[in-house]
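Okay, structure first, notes after.
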Amino acid sequence: MAKPSAFRDFIGALRKHWRSELPTVRPVQQSFGPMMPKASTFYAGIAHPLELHVFLWFQHSSYAWKVGRFTVNIIFSPNDRGPENLSHDFTPTDGVSFSGGRYYRIGCMIGDKDKWWNLKDNRGSRLTDTWRPSSYEDYDAVLSQAVADVTSDIRKALTRIGVDTGAVSSGS
């Protein structure tokens, strides 16, 4: 029997959750190069007033000792096919001077540190904000808590850059 992949299970749970919670954010239909694989990239819409398309790339750690660890990169593109050349940039301090063809780490967009989620019990870094579940004993609870935390952070980031998340107001 194949060993389960925590990251793959997380992405599956996230896709299911976002169908109702973030209906405008959807998986991409094709890969846009090695830094925007189909399996872990989502299209979020257009950031207004920047008029740039926004993608979410869930980057998992490739290190054997950091299995189950991932972060989220926010990618800006002048078109809906993803940028032809992609480079990392620091988050603008004014919060609005984002550039097409660049990606920004979500932790730096909504806080002051890079953020990584740990689906397995790995040591974190003092240089990053490290998310961990309340306990690693219940696998389904780990996935559920990670989905909830990522969804909250994605909403914050998309709202900050002017992307409509399709959220329905419960006050009406």
Side-chain angles (χ1 to χ4, degrees), residues 7-62 69-117 119 128-131 143-172:
F7 180 71
R8 194 169 29 240
D9 291 347
F10 165 78
I11 292 292
L14 187 72
R15 285 178 181 205
K16 183 177 179 183
H17 182 71
W18 281 6
R19 283 186 206 124
S20 61
E21 293 299 313
L22 290 173
T24 60
V25 179
R26 61 189 188 279
V28 295
Q29 298 301 309
Q30 67 183 48
S31 291
F32 298 113
M35 293 187 70
M36 293 177 67
K38 178 181 175 183
S40 59
T41 303
F42 295 79
Y43 178 74
I46 298 175
H48 299 285
L50 300 170
E51 297 305 321
L52 291 170
H53 294 266
V54 178
F55 295 87
L56 309 171
W57 167 40
F58 286 75
Q59 175 189 352
H60 63 85
S61 176
S62 58
R69 195 164 187 242
F70 70 91
T71 190
V72 182
N73 297 297
I74 312 289
I75 299 170
F76 291 90
S77 175
N79 60 62
D80 64 357
R81 295 175 309 280
E84 290 187 25
N85 297 309
L86 188 59
S87 62
H88 179 264
D89 209 345
F90 294 99
T91 303
T93 55
D94 65 5
V96 295
S97 299
F98 297 98
S99 302
R102 302 259 194 262
Y103 72 91
Y104 305 86
R105 291 279 173 81
I106 191 168
C108 298
M109 286 184 74
I110 63 170
D112 58 358
K113 283 185 176 182
D114 193 8
K115 183 172 183 178
W116 287 76
W117 284 261
L119 299 173
T128 66
D129 184 6
T130 303
W131 176 90
L143 293 178
S144 178
Q145 289 174 28
V147 165
D149 193 73
V150 166
T151 301
S152 174
D153 284 357
I154 292 293
R155 273 198 179 106
K156 287 177 196 169
L158 294 179
T159 298
R160 179 179 182 201
I161 58 176
V163 175
D164 178 14
T165 61
V168 178
S169 172
S170 58
S172 30

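The figures that follow rest on heavy atoms only: side chains count, while hydrogens, waters and symmetry mates do not.
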Please determine whether ring-ring contact (aromatic ring centres under 6.0 Å, His included) holds for the pair Trp117 and Phe10, giving the CA-CA distance in whole Å, both sets of side-chain angles, and the decisive distance to 0.1 Å.
CA-CA 11 Å; Trp117 284 261; Phe10 165 78; 7.9 Å; no
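- Distance check: Gln59 CD to Arg105 CZ gives 4.5 Å after rounding to the nearest 0.5 Å.
- Gly101 and Pro78 make their closest contact through N-CD, 4.4 Å (heavy atoms, listed as atom of the first residue, atom of the second, distance).
- Under the 3.5 Å distance criterion, the side-chain polar atoms of Thr151 are matched with a main-chain donor or acceptor of Val147.
- Taking every heavy atom of both residues into account, Ala47 and Val163 meet most closely at CA-CG2, 3.7 Å.
- By the 30° and 60° cut-offs, the orientation of the rings of His53 relative to Tyr43 is tilted.
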Can you check side chain to side chain contact (heavy atoms under 4.5 Å, CB included) on Leu158 and Val25, steps first, answer last?
CA-CA 10 Å; Leu158 294 179; Val25 179; 4.0 Å; yes
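- Val28 has its side chain out of reach of Trp57: every pair of non-hydrogen atoms, C-beta onward, lies at least 4.5 Å apart.
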With side chain to side chain contact (heavy atoms under 4.5 Å, CB included) as the criterion, how do Asp149 and Lys115 come out once you've worked through the C-alpha distance, each side chain's angles and the decisive distance to 0.1 Å?
CA-CA 11 Å; Asp149 193 73; Lys115 183 172 183 178; 2.8 Å; yes
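- Summarising the geometry, atom OG belonging to Ser144 is positioned 11.5 Å from atom CG belonging to Leu14; distances are rounded to the nearest 0.5 Å.
- By the 30° and 60° cut-offs, the orientation of the rings of Phe70 relative to Phe58 is tilted.
- Contact record, Asp114 with Cys108: N-SG, 3.7 Å, taken as the closest heavy-atom pair.
- Rounding to the nearest 0.5 Å gives a distance of 11.0 Å between CD1 of Ile106 and CG of Asp129.
- Among all heavy-atom pairs drawn from Met36 and Gly82, the shortest one is CE-CA, 4.2 Å.
- Within a 6.0 Å radius of CD in Glu51, other residues, nucleotides and ligands contribute more than 12 heavy atoms.
- Taking both residues in full, the closest heavy atoms of Ile161 and Val54 are given as CD1-CG2, 3.9 Å, listed atom of the first, atom of the second, then distance.
- Looking only at distances, a side-chain donor or acceptor of Ser31 sits under 3.5 Å from a matching main-chain atom of Lys38.
- With values rounded to the nearest 0.5 angstrom, Asn73 atom CG is found 9.5 Å from Ser40 atom OG.
- Here OG1 of Thr159 is found 11.0 Å from CD1 of Ile110. Values are rounded to the nearest 0.5 Å.
- For Ala39 against Ile11, the heavy-atom pair with the smallest separation is O-CG2, 3.4 Å.
- Leu22 contributes atom CG, which lies 8.0 Å from atom CD1 of Ile154 (distance to the nearest 0.5 angstrom).
- Inter-residue side-chain proximity for Ile75 and Thr41 is flagged as unmet; no heavy-atom pair is nearer than 4.5 Å.
- Classification of the His60-Phe7 ring pair by plane angle, with boundaries at 30° and 60°, yields tilted.
- Tested against Phe55 for a ring pair (Phe, Tyr, Trp, His ring centres under 6.0 Å), the candidates Phe76, Phe42, Phe32 yield a single pass: Phe32.
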